[in-house]
Amino acid sequence: MTLSRGYWREPARRLRTLETRLVNLWEANGYSEVMPPVLLPEETARALVVGGLWERTLRTHAGGEGAFVLRSDFTSALACLVGRRCTTLEEPLRVCYAGPVVRLPEVGRNGGAELWQAGCERVAEGERNQGDGEIVRLAAATVQVLEMPDPVLELGHWDLVAPLLDRLAWPAEARPSLESALNRKSRPALEELGERYGRGEIWFLLRALLHLGGTPEEVDALEGALRAQGVWAIWEELRDLESLLRRDFPTLRVRLDPTDVRRWNYYTGLTVKAFTPGQPAAVLSGGRYDSLYEGVGRPFGAVGFAVSLSALLGEV
Amino acid sequence: MRRIALTKGRLLGPSLEWLATRGFLPQGAPGRALSMPLGDGWEAVLLKGPDVRVFVQEGAADLGIVGLDLLEEEAPDIYDLCALGFGRCRLSVAAPPGWSPDPDRPVRVATKYPRMATKGLAEMGLWCRVVPVSSSVELAPQLGLSDIIVDLVESGRTLAENGLQEVRVLREVEAHLVANRRAYRYIDPWWEGAA
């Protein structure tokens with residue numbers, strides 16, 4: 001999708017309709033629309049960012065007038081904006097956005113693209129999981145307002161799986177393969193890794209969790225093992241969020257998928273995704289990413305989600 | 001209509017047999033048609049292996065049957081649901097008899113699997129330069145295109161007929177059932193459990 005196409009009459013009308021519906025919903029829930037800049041001179045961006053945020057989420061491009069940073073991702077662009085404006089947050093900051101992100105071509109990948117996204121984010125100081133319920137409810141309301149056919153909302157939690165991975169007494173070199181096996185839901189790959197590096201209680205638990213998404217009662221049956229590993233409370237948090245959704249959105253299908261935690265180096269807690277039959281991948285995705293604000297030197301936590309408007313419009 | 005992408009060639013027959021054990025029977029012989037109804041709202045589409053990955057990942061097919069070699073080589077963004085127990089072969093290094101690496105230059109390796117070849121040869125302590133080819137890999141050493149090859153080996157007959165011998169097995173390979181992220185959430189897992 002090129003920038004100019006965003007202004008063609010029919011695609012633009014559909015895009016604006018979706019954006020308006022979403023922003024109206026989010027503003028009605030106390031979120032204020034903000035628009036981080038689409039382009040920053042590199043030296044301005046570098047002055048804002050510390051730690052690993054640069055390598056993870058910002059892209060530098062050489063332009064005619066010097067290097068610049070494009071908004072390739074809203075969450076990191078928002079982190080730069082909020083980090084620059086706010087040193088402390090007495091109250092949670094609730095912001096939403098709608099607009100394009102730009103991905104330039106990279107070697108070995110498909111050509112660049114301009115993708116339209118809309119999303120919202122709750123940023124607060126010194127909290128671990130407060131606000132998760134608020135964001136999950138807002139994600140469910142978002143799915144409803146988008147009128148997607150037969151949607152499924154799915155919840156996961158980094159803290160359910162991460163401690164298991166950390167405690168697995170395997171060499172560090174095995175970790176990428178293990179994460180890949182879990183992300184691909186690959187029982188064969190997990191079996192092979194078990195054979196190579198050794199099977200133990202945690203390995204059996206991971207294998208049991210691998211394909212249990214959507215059938216929470218089966219995970220409930222693993223209570224003893226989850227308690228023994230100190231992650232039962234996290235599962236209960238997920239079950240509470242599920243109950244909240246079933247109460248407030250009784251017609252919405254909700255799944256819990258304990259091991260489908262993608263982008264392992266990004267999320268730090270809850271993950272939320274929405275699927276619809278017409279799309280091969282999630283059209284709404286997000287979660288908690290508390291470490292993002294460390295990258296701009298602020299002690300804030302953040303939880304939010306983004307909707308891929310380009311996917312909903314059939315542009316990707 | 002739900003769709004399963006099947007790999008044409010040696011995996012097709014066993015794939016159809018496996019589907020039959022799950023109650024899906026192709027209606028009509030494959031012939032030259034590239035799709036066939038399987039009953040119960042399912043259709044099979046017949047593709048080359050690398051395209052199975054594309055059709056499944058992009059959502060044109062819900063499920064697919066593809067060799068583990070392609071899953072490992074291309075690391076697609078799809079779910080690897082289970083190994084199916086057929087299409088077994090091995091990804092191996094093969095070389096002309098008596099070949100030994102020259103320590104002063106990289107080993108030239110002809111292969112359809114650059115990623116796995118590079119990784120496997122590095123584990124053998126070999127520095128390599130990949131020559132990517134897409135067919136008749138066994139010819140490459142004879143014609144001076146490469147020193148060795150990395151390719152799938154089933155019986156070893158093709159290697160022998162082209163003056164090569166298997167040096168090392170890098171990976172055991174078989175057919176796997178794959179799904180895209182949407183299909184996994186919307187389809188009852190009829191593939192699980194005993195047939």
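Numbered from 1 within each chain, the chains take letters A, B, ... in sequence-line order.
The number of heavy-atom neighbours closer than 6.0 Å to CZ of B:F55, taken from other residues, nucleotides and ligands shown, is 12 or below. Atom CZ of A:R199 has more than 12 neighbouring heavy atoms from other residues, nucleotides or ligands inside a 6.0 Å radius.
If you measure heavy-atom distances from B:E72 to chain A, the contacts under 4.5 Å come from the side chain alone. Heavy-atom distances place both the backbone and the side chain of A:P277 under 4.5 Å from chain B. Interface residue B:I78: only backbone heavy atoms are found under 4.5 Å from chain A. The part of A:E154 that comes within reach of chain B is its side chain, from C-beta onward, which places non-hydrogen atoms under 4.5 angstrom from that chain.
What you find for B:Y186 and A:F275 is that their closest heavy atoms are OH-O, 3.0 Å. Between B:A83 and A:P188 the shortest heavy-atom distance is N-CG, 3.5 Å. B:E58 approaches A:P280 most closely through the heavy-atom pair O-CG, 3.4 Å.
Within the 3.5 Å criterion, the main-chain N or O of A:K185 finds no donor-acceptor partner in the side chain of B:Y184.
For B:D102, the side chain to side chain contact (heavy atoms under 4.5 Å, CB included) partners at least two apart in sequence or on another chain are B:D104, B:R105. For B:Y113, the ring-ring contact (aromatic ring centres under 6.0 Å, His included) test picks out no residue, with sequence neighbours left out.
With rounding to the nearest 0.5 angstrom, the CZ atom of B:R185 is 11.0 Å from the CZ atom of A:R253. Rounded to the nearest 0.5 Å, atoms OG (A:S180) and CG (B:D80) are 9.0 Å apart.
Within residues 161-179 of chain B, the residues having any heavy atom under 4.5 Å from a heavy atom of chain A are, by residue number, B:R171, B:H176.
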Could you list the donor-acceptor pairs under 3.5 angstrom formed between side-chain atoms of residues 237-244 of chain A and any protein atom two or more places apart in sequence or on another chain?
| residue | atom | partner | partner atom | Å |
| --- | --- | --- | --- | --- |
| A:E237 | OE1 | A:N129 | ND2 | 3.3 |
| A:E237 | OE2 | A:R128 | NH2 | 2.6 |
| A:E237 | OE2 | A:N129 | ND2 | 3.1 |
| A:R239 | NE | A:D220 | OD1 | 3.2 |
| A:R239 | NE | A:D220 | OD2 | 3.4 |
| A:R239 | NH1 | A:E242 | OE1 | 2.7 |
| A:R239 | NH2 | A:D220 | OD2 | 2.5 |
| A:E242 | OE2 | A:R246 | NE | 3.3 |
| A:E242 | OE2 | A:R246 | NH2 | 2.7 |
| A:S243 | OG | A:R239 | O | 3.0 |

